[in-house]
There are 2 protein chains.
Amino acid sequence: MNEKKTAERGYHHGDLRDALIRAADELLAERGLEGFTLRETARRAGVSPAAPSHHFGGTAGLLTEVAALGWAELARRLAIAGDTGSTAERLKAQGVAYVRFAVEFPGRFHLMFRHDMLLHDQPSLDRATGEAWNALERTVRALRGQKEGEELDAEGEAMLIGIWSTAHGFAHLTLDKKLSRMAECGSDTDMLDTLFPSIIDTLWVKRLG
Amino acid sequence: MNEKKTAERGYHHGDLRDALIRAADELLAERGLEGFTLRETARRAGVSPAAPSHHFGGTAGLLTEVAALGWAELARRLAIAGDTGSTAERLKAQGVAYVRFAVEFPGRFHLMFRHDMLLHDQPSLDRATGEAWNALERTVRALRGQKEGEELDAEGEAMLIGIWSTAHGFAHLTLDKKLSRMAECGSDTDMLDTLFPSIIDTLWVKRLG
DNA sequence: ATGTCATCTTTACAGTGTAAAGATTATGCG
DNA sequence: CGCATAATCTTTACACTGTAAAGATGACAT
(Lines give C-alpha, C1' and ligand atoms only; values in the text may rest on other atoms or scores of the structure.)
Protein backbone atom coordinates (compact mmCIF):
# COMPACT_ATOMS: atom_id res chain seq x y z
CA MET A 1 0.00 0.00 0.00
CA ASN A 2 1.11 3.51 -0.76
CA GLU A 3 0.01 5.11 2.46
CA LYS A 4 3.20 6.84 3.54
CA LYS A 5 2.78 10.17 5.22
CA THR A 6 4.12 13.35 3.77
CA ALA A 7 7.20 13.30 5.97
CA GLU A 8 8.53 10.02 4.65
CA ARG A 9 6.97 10.21 1.21
CA GLY A 10 7.85 13.74 0.23
CA TYR A 11 5.71 15.86 -1.99
CA HIS A 12 5.30 13.52 -4.91
CA HIS A 13 3.04 10.57 -4.48
CA GLY A 14 3.82 8.97 -7.78
CA ASP A 15 0.41 7.45 -8.42
CA LEU A 16 -1.94 9.84 -6.73
CA ARG A 17 -4.49 10.09 -9.51
CA ASP A 18 -5.29 6.41 -9.51
CA ALA A 19 -4.96 6.17 -5.75
CA LEU A 20 -7.63 8.86 -5.37
CA ILE A 21 -9.99 7.10 -7.74
CA ARG A 22 -9.56 3.87 -5.81
CA ALA A 23 -10.02 5.62 -2.47
CA ALA A 24 -13.16 7.36 -3.72
CA ASP A 25 -14.59 4.10 -5.01
CA GLU A 26 -13.94 2.38 -1.68
CA LEU A 27 -15.45 5.25 0.25
CA LEU A 28 -18.49 5.05 -2.00
CA ALA A 29 -18.77 1.34 -1.30
CA GLU A 30 -18.50 1.83 2.44
CA ARG A 31 -20.66 4.87 3.05
CA GLY A 32 -22.70 5.27 -0.11
CA LEU A 33 -22.93 8.34 -2.27
CA GLU A 34 -24.32 10.53 0.49
CA GLY A 35 -21.50 9.56 2.81
CA PHE A 36 -18.90 10.56 0.28
CA THR A 37 -16.70 13.59 0.86
CA LEU A 38 -13.70 14.81 -1.06
CA ARG A 39 -11.76 15.53 2.10
CA GLU A 40 -12.21 12.01 3.43
CA THR A 41 -11.01 10.65 0.10
CA ALA A 42 -7.90 12.80 0.37
CA ARG A 43 -7.43 11.64 3.96
CA ARG A 44 -7.50 8.01 2.88
CA ALA A 45 -4.98 8.63 0.15
CA GLY A 46 -2.80 10.37 2.73
CA VAL A 47 -2.75 13.76 1.05
CA SER A 48 -4.01 17.24 1.82
CA PRO A 49 -7.64 18.26 1.26
CA ALA A 50 -6.80 20.36 -1.78
CA ALA A 51 -4.65 17.78 -3.54
CA PRO A 52 -7.49 16.06 -5.46
CA SER A 53 -8.60 19.30 -7.05
CA HIS A 54 -5.27 19.56 -8.81
CA HIS A 55 -5.82 16.30 -10.67
CA PHE A 56 -9.56 16.44 -11.23
CA GLY A 57 -10.46 20.10 -11.00
CA GLY A 58 -12.87 19.38 -8.17
CA THR A 59 -15.24 16.85 -6.72
CA ALA A 60 -17.19 16.41 -9.95
CA GLY A 61 -14.05 15.61 -11.90
CA LEU A 62 -13.02 12.84 -9.53
CA LEU A 63 -16.50 11.37 -9.32
CA THR A 64 -16.76 11.38 -13.09
CA GLU A 65 -13.79 9.02 -13.32
CA VAL A 66 -15.30 6.75 -10.68
CA ALA A 67 -18.60 6.75 -12.56
CA ALA A 68 -16.81 5.83 -15.78
CA LEU A 69 -15.31 2.82 -14.01
CA GLY A 70 -18.76 1.87 -12.81
CA TRP A 71 -20.20 2.04 -16.31
CA ALA A 72 -17.35 -0.07 -17.60
CA GLU A 73 -17.99 -2.73 -14.99
CA LEU A 74 -21.71 -2.68 -15.75
CA ALA A 75 -21.01 -3.00 -19.47
CA ARG A 76 -18.76 -5.98 -18.77
CA ARG A 77 -21.48 -7.75 -16.80
CA LEU A 78 -24.15 -7.01 -19.37
CA ALA A 79 -21.91 -8.39 -22.10
CA ILE A 80 -21.38 -11.61 -20.16
CA ALA A 81 -25.09 -11.96 -19.39
CA GLY A 82 -25.95 -11.45 -23.04
CA ASP A 83 -23.57 -14.11 -24.21
CA THR A 84 -25.42 -17.42 -23.87
CA GLY A 85 -28.92 -18.81 -24.20
CA SER A 86 -31.90 -17.89 -26.31
CA THR A 87 -32.56 -14.23 -27.01
CA ALA A 88 -35.38 -14.19 -24.45
CA GLU A 89 -33.12 -15.78 -21.85
CA ARG A 90 -30.37 -13.28 -22.63
CA LEU A 91 -32.73 -10.39 -22.14
CA LYS A 92 -33.76 -11.72 -18.76
CA ALA A 93 -30.18 -12.43 -17.76
CA GLN A 94 -29.17 -8.88 -18.66
CA GLY A 95 -32.02 -7.46 -16.64
CA VAL A 96 -31.00 -9.52 -13.63
CA ALA A 97 -27.37 -8.52 -14.10
CA TYR A 98 -28.40 -4.87 -14.20
CA VAL A 99 -30.30 -5.07 -10.94
CA ARG A 100 -27.62 -7.20 -9.33
CA PHE A 101 -25.04 -4.58 -10.14
CA ALA A 102 -27.17 -1.91 -8.50
CA VAL A 103 -27.67 -3.98 -5.36
CA GLU A 104 -24.02 -4.95 -5.09
CA PHE A 105 -22.69 -1.42 -5.67
CA PRO A 106 -25.35 1.07 -4.58
CA GLY A 107 -22.87 3.90 -4.29
CA ARG A 108 -21.51 3.45 -7.79
CA PHE A 109 -24.97 2.91 -9.19
CA HIS A 110 -26.45 6.05 -7.70
CA LEU A 111 -23.47 8.08 -8.77
CA MET A 112 -23.63 6.88 -12.37
CA PHE A 113 -27.01 8.50 -12.79
CA ARG A 114 -26.45 11.69 -10.89
CA HIS A 115 -26.41 14.08 -13.79
CA ASP A 116 -25.72 17.05 -11.55
CA MET A 117 -22.60 15.49 -10.05
CA LEU A 118 -20.78 14.46 -13.22
CA LEU A 119 -18.88 16.24 -15.97
CA HIS A 120 -20.51 15.27 -19.21
CA ASP A 121 -17.77 16.56 -21.48
CA GLN A 122 -15.53 13.76 -20.23
CA PRO A 123 -14.95 11.24 -23.06
CA SER A 124 -14.18 8.39 -20.67
CA LEU A 125 -17.67 8.63 -19.24
CA ASP A 126 -19.38 8.83 -22.59
CA ARG A 127 -17.56 5.83 -23.97
CA ALA A 128 -18.28 3.59 -20.99
CA THR A 129 -21.93 4.61 -20.95
CA GLY A 130 -22.23 3.83 -24.65
CA GLU A 131 -20.79 0.35 -24.22
CA ALA A 132 -23.32 -0.58 -21.55
CA TRP A 133 -26.08 0.72 -23.74
CA ASN A 134 -24.85 -1.24 -26.76
CA ALA A 135 -24.84 -4.50 -24.82
CA LEU A 136 -28.55 -4.14 -24.26
CA GLU A 137 -29.24 -2.93 -27.76
CA ARG A 138 -27.58 -5.98 -29.29
CA THR A 139 -29.98 -8.28 -27.49
CA VAL A 140 -33.06 -6.30 -28.50
CA ARG A 141 -31.82 -6.23 -32.05
CA ALA A 142 -31.45 -10.00 -32.03
CA LEU A 143 -34.89 -10.32 -30.52
CA ARG A 144 -36.37 -8.38 -33.39
CA GLY A 145 -34.24 -10.13 -36.00
CA GLN A 146 -32.53 -6.96 -37.11
CA LYS A 147 -29.01 -6.69 -38.47
CA GLU A 148 -26.28 -4.78 -36.65
CA GLY A 149 -26.12 -2.07 -39.27
CA GLU A 150 -29.68 -0.96 -39.82
CA GLU A 151 -31.41 1.42 -37.51
CA LEU A 152 -33.62 0.04 -34.78
CA ASP A 153 -37.29 0.45 -35.64
CA ALA A 154 -39.76 2.28 -33.45
CA GLU A 155 -41.10 -0.76 -31.64
CA GLY A 156 -37.58 -2.02 -31.06
CA GLU A 157 -36.66 1.29 -29.53
CA ALA A 158 -39.72 1.16 -27.31
CA MET A 159 -38.70 -2.30 -26.17
CA LEU A 160 -35.14 -1.24 -25.54
CA ILE A 161 -36.06 1.76 -23.44
CA GLY A 162 -38.86 -0.24 -21.85
CA ILE A 163 -36.69 -3.06 -20.60
CA TRP A 164 -34.10 -0.61 -19.39
CA SER A 165 -36.71 1.44 -17.57
CA THR A 166 -38.11 -1.65 -15.91
CA ALA A 167 -34.75 -2.86 -14.65
CA HIS A 168 -33.72 0.65 -13.66
CA GLY A 169 -36.92 1.35 -11.79
CA PHE A 170 -36.84 -2.00 -10.01
CA ALA A 171 -33.25 -1.36 -8.97
CA HIS A 172 -34.09 2.07 -7.58
CA LEU A 173 -37.19 0.89 -5.76
CA THR A 174 -35.22 -1.95 -4.22
CA LEU A 175 -32.40 0.30 -3.05
CA ASP A 176 -34.88 2.80 -1.66
CA LYS A 177 -36.64 -0.01 0.21
CA LYS A 178 -39.99 0.66 -1.41
CA LEU A 179 -40.66 -2.94 -2.39
CA SER A 180 -39.98 -4.65 0.90
CA ARG A 181 -43.27 -3.45 2.34
CA MET A 182 -45.50 -5.05 -0.26
CA ALA A 183 -43.71 -8.05 -1.65
CA GLU A 184 -43.44 -10.84 0.90
CA CYS A 185 -39.88 -11.39 -0.18
CA GLY A 186 -37.53 -10.80 2.69
CA SER A 187 -34.00 -10.09 1.55
CA ASP A 188 -32.70 -8.23 -1.44
CA THR A 189 -31.39 -11.49 -2.84
CA ASP A 190 -34.92 -12.87 -2.78
CA MET A 191 -36.03 -9.92 -4.85
CA LEU A 192 -33.28 -10.52 -7.32
CA ASP A 193 -33.56 -14.27 -7.64
CA THR A 194 -37.31 -14.73 -7.65
CA LEU A 195 -39.38 -11.55 -7.85
CA PHE A 196 -37.54 -9.70 -10.59
CA PRO A 197 -37.22 -12.70 -12.94
CA SER A 198 -40.92 -13.35 -12.53
CA ILE A 199 -41.62 -9.76 -13.53
CA ILE A 200 -39.49 -10.08 -16.61
CA ASP A 201 -41.30 -13.30 -17.42
CA THR A 202 -44.69 -11.73 -17.01
CA LEU A 203 -43.73 -8.64 -18.95
CA TRP A 204 -41.61 -10.07 -21.71
CA VAL A 205 -40.76 -13.69 -21.99
CA LYS A 206 -44.22 -15.19 -21.79
CA ARG A 207 -45.42 -12.94 -24.55
CA LEU A 208 -42.52 -13.31 -26.87
CA GLY A 209 -42.63 -17.07 -26.92
CA MET B 1 -47.45 37.11 3.05
CA ASN B 2 -46.05 36.49 6.48
CA GLU B 3 -42.54 37.75 5.81
CA LYS B 4 -42.14 40.29 8.56
CA LYS B 5 -38.73 40.50 10.15
CA THR B 6 -38.17 39.69 13.76
CA ALA B 7 -38.19 43.33 14.78
CA GLU B 8 -41.75 44.00 13.65
CA ARG B 9 -43.08 40.50 14.04
CA GLY B 10 -41.76 39.62 17.45
CA TYR B 11 -40.81 36.17 18.55
CA HIS B 12 -43.96 34.30 17.66
CA HIS B 13 -44.63 33.68 14.02
CA GLY B 14 -48.05 32.16 14.48
CA ASP B 15 -47.93 29.76 11.56
CA LEU B 16 -44.27 28.90 11.28
CA ARG B 17 -44.65 25.16 10.90
CA ASP B 18 -46.72 25.39 7.76
CA ALA B 19 -44.74 28.35 6.48
CA LEU B 20 -41.55 26.31 6.71
CA ILE B 21 -43.08 23.40 4.83
CA ARG B 22 -44.22 25.75 2.09
CA ALA B 23 -40.85 27.47 1.92
CA ALA B 24 -39.06 24.12 1.73
CA ASP B 25 -41.34 22.94 -1.04
CA GLU B 26 -40.76 26.12 -3.04
CA LEU B 27 -37.01 25.89 -2.54
CA LEU B 28 -37.15 22.31 -3.74
CA ALA B 29 -39.05 23.41 -6.82
CA GLU B 30 -36.57 26.17 -7.59
CA ARG B 31 -33.23 24.54 -6.91
CA GLY B 32 -33.96 20.83 -6.77
CA LEU B 33 -33.18 18.48 -3.95
CA GLU B 34 -29.43 19.08 -4.15
CA GLY B 35 -29.94 22.83 -3.95
CA PHE B 36 -31.97 22.51 -0.79
CA THR B 37 -30.59 23.74 2.53
CA LEU B 38 -32.30 24.09 5.86
CA ARG B 39 -30.78 27.51 6.46
CA GLU B 40 -32.09 28.89 3.18
CA THR B 41 -35.53 27.57 4.07
CA ALA B 42 -35.33 29.39 7.39
CA ARG B 43 -34.14 32.54 5.61
CA ARG B 44 -37.16 32.46 3.31
CA ALA B 45 -39.51 32.06 6.21
CA GLY B 46 -37.79 35.01 7.89
CA VAL B 47 -36.62 33.11 10.96
CA SER B 48 -33.30 32.09 12.44
CA PRO B 49 -31.35 29.06 11.20
CA ALA B 50 -32.18 27.01 14.26
CA ALA B 51 -35.90 27.71 14.27
CA PRO B 52 -36.92 24.81 12.00
CA SER B 53 -35.27 22.24 14.23
CA HIS B 54 -37.63 23.14 17.01
CA HIS B 55 -40.66 22.13 14.96
CA PHE B 56 -39.24 19.21 13.01
CA GLY B 57 -36.29 18.00 15.03
CA GLY B 58 -33.97 18.61 12.11
CA THR B 59 -33.69 18.60 8.35
CA ALA B 60 -35.05 15.07 7.97
CA GLY B 61 -38.16 15.92 9.94
CA LEU B 62 -39.02 18.89 7.74
CA LEU B 63 -38.30 17.03 4.52
CA THR B 64 -40.47 14.15 5.67
CA GLU B 65 -43.48 16.46 5.83
CA VAL B 66 -42.71 17.82 2.37
CA ALA B 67 -42.38 14.29 1.04
CA ALA B 68 -45.72 13.36 2.56
CA LEU B 69 -47.32 16.25 0.69
CA GLY B 70 -45.67 15.02 -2.48
CA TRP B 71 -47.03 11.53 -2.01
CA ALA B 72 -50.49 12.92 -1.38
CA GLU B 73 -50.38 14.94 -4.58
CA LEU B 74 -49.14 11.93 -6.53
CA ALA B 75 -51.91 9.79 -5.07
CA ARG B 76 -54.45 12.41 -6.08
CA ARG B 77 -53.24 12.41 -9.67
CA LEU B 78 -53.11 8.64 -9.88
CA ALA B 79 -56.66 8.44 -8.59
CA ILE B 80 -57.85 10.87 -11.26
CA ALA B 81 -55.95 9.05 -14.00
CA GLY B 82 -57.44 5.74 -12.91
CA ASP B 83 -60.96 7.04 -12.99
CA THR B 84 -62.12 6.78 -16.61
CA GLY B 85 -61.68 4.51 -19.60
CA SER B 86 -61.02 0.82 -20.02
CA THR B 87 -58.73 -0.88 -17.55
CA ALA B 88 -55.91 -0.92 -20.09
CA GLU B 89 -56.39 2.78 -20.76
CA ARG B 90 -56.46 3.51 -17.05
CA LEU B 91 -53.19 1.69 -16.54
CA LYS B 92 -51.57 3.72 -19.29
CA ALA B 93 -53.02 6.95 -17.97
CA GLN B 94 -51.67 6.23 -14.50
CA GLY B 95 -48.23 5.49 -15.89
CA VAL B 96 -48.25 8.76 -17.79
CA ALA B 97 -49.47 10.61 -14.71
CA TYR B 98 -46.67 9.08 -12.66
CA VAL B 99 -43.99 10.20 -15.09
CA ARG B 100 -45.60 13.59 -15.53
CA PHE B 101 -45.52 14.17 -11.82
CA ALA B 102 -41.81 13.36 -11.75
CA VAL B 103 -41.06 15.72 -14.63
CA GLU B 104 -43.16 18.54 -13.21
CA PHE B 105 -41.77 18.26 -9.68
CA PRO B 106 -38.30 16.75 -9.85
CA GLY B 107 -37.35 18.00 -6.42
CA ARG B 108 -40.37 16.48 -4.73
CA PHE B 109 -40.03 13.30 -6.72
CA HIS B 110 -36.39 12.73 -5.86
CA LEU B 111 -37.04 13.50 -2.22
CA MET B 112 -39.94 11.08 -1.95
CA PHE B 113 -37.61 8.18 -2.69
CA ARG B 114 -34.61 9.24 -0.70
CA HIS B 115 -34.83 6.67 2.05
CA ASP B 116 -31.80 8.12 3.83
CA MET B 117 -33.32 11.60 4.08
CA LEU B 118 -36.72 10.74 5.52
CA LEU B 119 -38.06 9.65 8.87
CA HIS B 120 -39.92 6.44 8.31
CA ASP B 121 -41.66 6.34 11.67
CA GLN B 122 -43.76 9.32 10.57
CA PRO B 123 -47.38 8.20 10.09
CA SER B 124 -48.16 11.04 7.67
CA LEU B 125 -45.58 9.70 5.25
CA ASP B 126 -46.72 6.11 5.52
CA ARG B 127 -50.33 6.95 4.92
CA ALA B 128 -49.70 9.11 1.85
CA THR B 129 -47.38 6.50 0.36
CA GLY B 130 -49.97 3.80 0.88
CA GLU B 131 -52.65 5.81 -0.90
CA ALA B 132 -50.56 6.25 -4.01
CA TRP B 133 -49.77 2.59 -3.98
CA ASN B 134 -53.42 1.63 -3.63
CA ALA B 135 -54.42 3.73 -6.62
CA LEU B 136 -52.17 1.59 -8.80
CA GLU B 137 -53.19 -1.63 -7.15
CA ARG B 138 -56.87 -1.00 -7.80
CA THR B 139 -56.24 -0.81 -11.53
CA VAL B 140 -54.18 -3.97 -11.64
CA ARG B 141 -56.83 -5.74 -9.60
CA ALA B 142 -59.48 -4.67 -12.11
CA LEU B 143 -57.24 -5.77 -14.93
CA ARG B 144 -57.04 -9.24 -13.46
CA GLY B 145 -60.70 -9.35 -12.51
CA GLN B 146 -60.08 -9.68 -8.82
CA LYS B 147 -62.24 -8.39 -6.01
CA GLU B 148 -61.13 -5.68 -3.62
CA GLY B 149 -60.94 -8.03 -0.67
CA GLU B 150 -58.97 -11.01 -1.85
CA GLU B 151 -55.22 -11.01 -1.96
CA LEU B 152 -53.52 -10.20 -5.24
CA ASP B 153 -52.15 -13.35 -6.89
CA ALA B 154 -48.51 -13.80 -7.83
CA GLU B 155 -48.85 -12.72 -11.42
CA GLY B 156 -50.88 -9.72 -10.42
CA GLU B 157 -48.18 -8.69 -8.00
CA ALA B 158 -45.58 -9.11 -10.70
CA MET B 159 -47.62 -6.87 -12.97
CA LEU B 160 -48.11 -4.30 -10.26
CA ILE B 161 -44.44 -4.03 -9.38
CA GLY B 162 -43.58 -4.33 -13.06
CA ILE B 163 -45.65 -1.37 -14.18
CA TRP B 164 -44.46 0.68 -11.28
CA SER B 165 -40.84 -0.17 -11.99
CA THR B 166 -41.25 0.74 -15.63
CA ALA B 167 -42.78 4.13 -14.91
CA HIS B 168 -40.33 4.78 -12.10
CA GLY B 169 -37.31 3.86 -14.18
CA PHE B 170 -38.49 5.89 -17.13
CA ALA B 171 -39.03 8.89 -14.89
CA HIS B 172 -35.56 8.59 -13.39
CA LEU B 173 -33.87 8.11 -16.74
CA THR B 174 -35.68 11.13 -18.11
CA LEU B 175 -34.74 13.36 -15.19
CA ASP B 176 -31.13 12.19 -15.36
CA LYS B 177 -31.09 12.96 -19.09
CA LYS B 178 -30.14 9.45 -20.06
CA LEU B 179 -32.80 9.07 -22.74
CA SER B 180 -32.23 12.24 -24.69
CA ARG B 181 -29.11 10.86 -26.31
CA MET B 182 -30.75 7.87 -27.92
CA ALA B 183 -34.36 8.66 -28.53
CA GLU B 184 -34.82 11.28 -31.23
CA CYS B 185 -37.39 12.99 -29.08
CA GLY B 186 -36.32 16.48 -28.22
CA SER B 187 -38.08 17.83 -25.19
CA ASP B 188 -39.23 16.13 -22.04
CA THR B 189 -42.83 16.68 -23.09
CA ASP B 190 -42.14 14.71 -26.26
CA MET B 191 -40.94 11.86 -24.12
CA LEU B 192 -44.06 12.02 -22.04
CA ASP B 193 -46.62 12.39 -24.79
CA THR B 194 -45.26 10.01 -27.39
CA LEU B 195 -42.36 7.82 -26.28
CA PHE B 196 -43.62 6.68 -22.91
CA PRO B 197 -47.15 5.83 -24.06
CA SER B 198 -45.70 3.81 -26.92
CA ILE B 199 -43.63 1.87 -24.42
CA ILE B 200 -46.66 1.11 -22.31
CA ASP B 201 -48.47 0.06 -25.45
CA THR B 202 -45.69 -2.26 -26.48
CA LEU B 203 -45.33 -3.68 -23.02
CA TRP B 204 -48.90 -3.92 -21.90
CA VAL B 205 -51.81 -2.76 -23.91
CA LYS B 206 -51.12 -4.55 -27.16
CA ARG B 207 -50.83 -7.83 -25.38
CA LEU B 208 -53.73 -7.50 -23.02
CA GLY B 209 -56.31 -5.95 -25.28
C1' DA C 1 -50.34 39.37 38.37
C1' DT C 2 -47.55 35.97 37.95
C1' DG C 3 -45.28 31.75 36.81
C1' DT C 4 -44.88 28.30 33.29
C1' DC C 5 -43.93 26.75 28.94
C1' DA C 6 -43.67 26.87 24.00
C1' DT C 7 -41.38 29.50 20.65
C1' DC C 8 -37.66 31.70 18.54
C1' DT C 9 -32.73 33.77 18.72
C1' DT C 10 -27.92 33.76 19.70
C1' DT C 11 -23.78 31.65 19.95
C1' DA C 12 -20.70 28.12 19.01
C1' DC C 13 -18.62 24.04 16.86
C1' DA C 14 -17.26 20.60 13.70
C1' DG C 15 -17.74 19.73 9.21
C1' DT C 16 -17.71 20.71 3.95
C1' DG C 17 -15.68 22.35 -1.06
C1' DT C 18 -12.46 25.13 -3.16
C1' DA C 19 -9.72 29.35 -4.36
C1' DA C 20 -5.03 31.47 -3.73
C1' DA C 21 -0.53 31.41 -2.52
C1' DG C 22 3.56 29.02 -0.87
C1' DA C 23 6.79 24.89 -0.57
C1' DT C 24 8.99 21.07 -2.67
C1' DT C 25 10.56 17.97 -6.12
C1' DA C 26 10.89 16.06 -10.86
C1' DT C 27 12.26 16.98 -15.43
C1' DG C 28 14.11 18.86 -19.57
C1' DC C 29 17.63 21.74 -21.50
C1' DG C 30 22.06 24.33 -21.82
C1' DC D 1 26.57 18.62 -14.36
C1' DG D 2 23.87 22.92 -13.12
C1' DC D 3 19.83 25.24 -13.34
C1' DA D 4 15.32 27.20 -14.81
C1' DT D 5 10.80 25.65 -15.34
C1' DA D 6 6.83 23.18 -14.58
C1' DA D 7 4.27 19.85 -12.10
C1' DT D 8 2.84 18.36 -7.69
C1' DC D 9 1.32 18.82 -3.17
C1' DT D 10 0.59 21.80 1.25
C1' DT D 11 -1.01 25.71 3.80
C1' DT D 12 -4.10 29.05 4.65
C1' DA D 13 -8.36 31.18 4.28
C1' DC D 14 -13.30 31.85 3.30
C1' DA D 15 -18.07 31.13 2.84
C1' DC D 16 -20.99 27.82 3.51
C1' DT D 17 -23.59 23.77 5.97
C1' DG D 18 -26.48 21.26 10.11
C1' DT D 19 -27.33 21.27 14.81
C1' DA D 20 -26.49 21.38 19.91
C1' DA D 21 -26.83 24.49 24.02
C1' DA D 22 -28.15 28.32 26.29
C1' DG D 23 -30.56 32.73 26.46
C1' DA D 24 -34.53 35.94 25.30
C1' DT D 25 -39.37 36.68 24.54
C1' DG D 26 -44.21 36.49 24.76
C1' DA D 27 -48.75 33.78 25.04
C1' DC D 28 -51.66 31.71 28.21
C1' DA D 29 -53.70 29.56 32.25
C1' DT D 30 -54.15 29.81 36.96
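Letters A, B, ... mirror the listed sequences (proteins, then strands); counts begin at 1.
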In whole angstrom, give the distance that lies between atom [atom1] of [X] and atom [atom2] of [N].
| X | N | atom1 | atom2 | answer |
| --- | --- | --- | --- | --- |
| Phe56(A) | dA7(D) | CZ | C1' | 15 Å |
| Met117(A) | dT18(C) | CE | P | 11 Å |
| Arg17(A) | dC9(D) | CZ | P | 12 Å |
| Arg43(B) | dT9(C) | CZ | C1' | 15 Å |
| His55(A) | dT10(D) | NE2 | P | 9 Å |

Are His172(A) and His110(A), when compared by the centres of their aromatic rings, separated by less than 6.0 Å? yes

Could you tell me the separation between the CZ atom of Arg144(A) and the OG1 atom of Thr87(A), rounded to the nearest 0.5 Å? 11.5 Å

Working to the nearest 0.5 angstrom, can you tell me the gap between Glu65(A) CD and Leu118(A) CG? 10.5 Å

If you measure only the distance, is there a donor-acceptor pair under 3.5 Å linking the side chains of Thr166(A) and Thr166(B)? yes

Side chains of Gln122(B) and Thr64(B), donor plus acceptor under 3.5 Å: no

For His54(A) and Ala60(B), take the nucleotide of DNA chain D holding the closest heavy atom to each; which residue's nucleotide lies nearer the 5' end? His54(A)

Contacts of Glu40(A) meeting salt bridge (Lys or Arg N to Asp or Glu O under 4.0 Å) (sequence neighbours excluded), chain-then-number -> Arg31(A), Arg43(A), Arg44(A)

Say whether, by atom type as modelled, one donor and one acceptor occur between the side chain of Gln94(A) and the main chain of Leu78(A) under 3.5 angstrom. yes

Specify the residues of residues 29-42 of chain B, ordered by number, for which at least one heavy atom lies under 4.0 angstrom from an atom of DNA chain D. Thr37(B), Leu38(B), Arg39(B)

Here the residues of residues 62-70 of chain A within 4.0 Å heavy-atom distance, strictly under, of DNA chain D are none

Among dT10(C), dT11(D), dC9(D), which is the nearest nucleotide to the side chain of Ser48(B)? dT10(C)

Determine the contact category for Thr59(A): base if any of its heavy atoms lies under 4.0 Å from a base atom, sugar-phosphate if only primed atoms, P, OP1 or OP2 are that close, otherwise nothing. sugar-phosphate

Taking the six-membered ring for Trp, are Tyr98(A) and His168(A) parallel (under 30°), tilted (30 to 60°) or perpendicular (over 60°)? perpendicular

Parallel, tilted or perpendicular for Phe109(A) and Phe101(A), by the 30°/60° rule? perpendicular

